[in-house]
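One structure below.
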Amino acid sequence: MEAPDAELVRAIAAQADDAPAAEAELCRRFAPRIRLYGLRHLRDEDRAADLVQAVLLALLQAARTGRIADPDRVDRFMLGTSRNVALRMRETDARSAGDAALAAIAAPDELLERIDAPALWRCMRALDDRARRVVMLSFNDDRAADEIAALLSISAVNVRVLRHRSIAALRRCLDAPKEVDA
């Protein structure tokens, strides 16, 4: 099909007889562009392939349901969708990396063997009250950032920042050479 992109979108929205061919052509045209966007922003071939699949699926669903307000600007819709999906993928990757790092740090058997409880409590006392409460609510009570935020009347983002900084401070404190009382 040599029709412009807008006509392809209109054919898909109208569920015309040639809609499957229009969908295939739209995918053929946009897949390379989405892949390049993925390679540039995600820096991984597999992640770029995942981006292509997710964006094309969203594009086709939007076209089928008539949610593309201006078919003449379908390329902009595709770019915006690519940006949003890539952003979600990077956020998911960052969360997964953080979860893996936390799991590596907090493997229960290893943790119990390595942690000096009196030193941990000494380091916990060195934290300010709010930071200590965030750490206790996060790890002792196993509460989510949103829950802690509501309890302490602060934002969830602030809870995550406090937790991150507190863990770093505890790590530095525990790794510091122990002072010997004279």
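For the single chain, residues carry numbers from 1 onward in sequence order.
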Spatial distance of atom SG (Cys123) from atom CZ (Arg172) [nearest 0.5 Å] | 10.5 Å
Hey, any chance Leu120 and Val135 share a hydrophobic cluster, counting ILVMFWY side chains that come within less than 4.5 Å of each other, even indirectly?
-> yes
Which pair of heavy atoms, one from Gly38 and one from Ala48, lies closest together, and at what distance?
-> C-CB, 3.8 Å
Taking NZ, NE, NH1 and NH2 as the nitrogens, is one of them in Arg10 or Asp72 under 4.0 Å from a carboxylate oxygen of the other?
-> yes
Going by heavy atoms in the side chains, are Arg33 and Leu36 under 4.5 Å from each other?
-> no
Tyr37 side chain reached by Arg40 side chain, heavy atoms, under 4.5 Å | no
Only residue of Thr81, Leu42, Leu56 satisfying side-chain contact (heavy atoms from CB on, under 4.5 Å) with Leu51 is Leu42
Using a cut-off of 6.0 Å, state whether more than 12 heavy atoms not belonging to Arg163 lie near its atom CZ.
-> yes
Value rounded to 0.5 Å, distance of OG in Ser82 from CE in Met89 | 10.5 Å
Mind listing the closest non-hydrogen atom pair of Ala156 and Ala149 along with its distance?
-> N-CB, 3.5 Å
Do the side chain of Asp18 and the main chain of Ala21 share a donor and acceptor less than 3.5 angstrom apart?
-> no
Can you check whether Ile68 reaches Leu59 side chain to side chain, under 4.5 Å on heavy atoms?
-> yes
For the atom pair OG (Ser153) and CD1 (Ile148), what is the distance rounded to the nearest 0.5 Å?
-> 13.0 Å
So which heavy atom on Gln61 is nearest to which on Arg67, and how close?
-> C-NH2, 3.7 Å
Honestly curious: do Ile154 and Met136 fall in one hydrophobic cluster under the side-chain, below-4.5 Å linking rule?
-> no
Is there side-chain contact between Leu127 and Cys173, with heavy atoms separated by less than 4.5 Å?
-> no
Check whether any side-chain heavy atom of Arg29 lies under 4.5 Å from a side-chain heavy atom of Leu8, and answer yes or no.
-> yes
Going from OG on Ser166 to CG on Asp128, what distance comes out if it is rounded to the nearest 0.5 angstrom?
-> 7.0 Å
Note: Arg47-Asp44 ion pair, threshold 4.0 Å (strictly below) | no
With the 4.5 Å side-chain cut-off for hydrophobic clustering, are Leu151 and Val134 part of the same group?
-> yes
Result for side-chain contact (heavy atoms from CB on, under 4.5 Å) between Leu39 and one of His41, Arg35, Arg43 points to Arg35
Under 4.5 Å between any side-chain heavy atoms of Val74 and Phe30, yes or no?
-> yes
Distance from Arg165 atom CZ to Leu170 atom CG, nearest 0.5 Å?
-> 14.5 Å
Could you tell me the separation between the CD1 atom of Ile167 and the CZ atom of Phe139, rounded to the nearest 0.5 Å?
-> 3.5 Å
Flag if over 12 foreign heavy atoms under 6.0 Å of CZ, Arg133 | no
Verdict with reasoning, Val159 to Arg143, per side-chain contact (heavy atoms from CB on, under 4.5 Å) = CA-CA 11 Å; Val159 168; Arg143 294 185 186 230; over 6 Å; no
Leu60 and Phe77: same hydrophobic cluster, using ILVMFWY side-chain contacts below 4.5 Å?
-> yes
Looking only at heavy atoms, what is the nearest atom pair of Pro71 and Ala69, with distance?
-> CD-O, 3.5 Å
More than 12 heavy atoms from other groups under 6.0 Å of CG on Asp17 = no
Is there a path of hydrophobic side-chain contacts, each under 4.5 Å between heavy atoms of I, L, V, M, F, W or Y residues, that connects Val157 with Leu162?
-> no
In terms of side-chain geometry, is the basic nitrogen of Arg88 or Glu91 positioned less than 4.0 Å from the acidic oxygen of its partner?
-> no
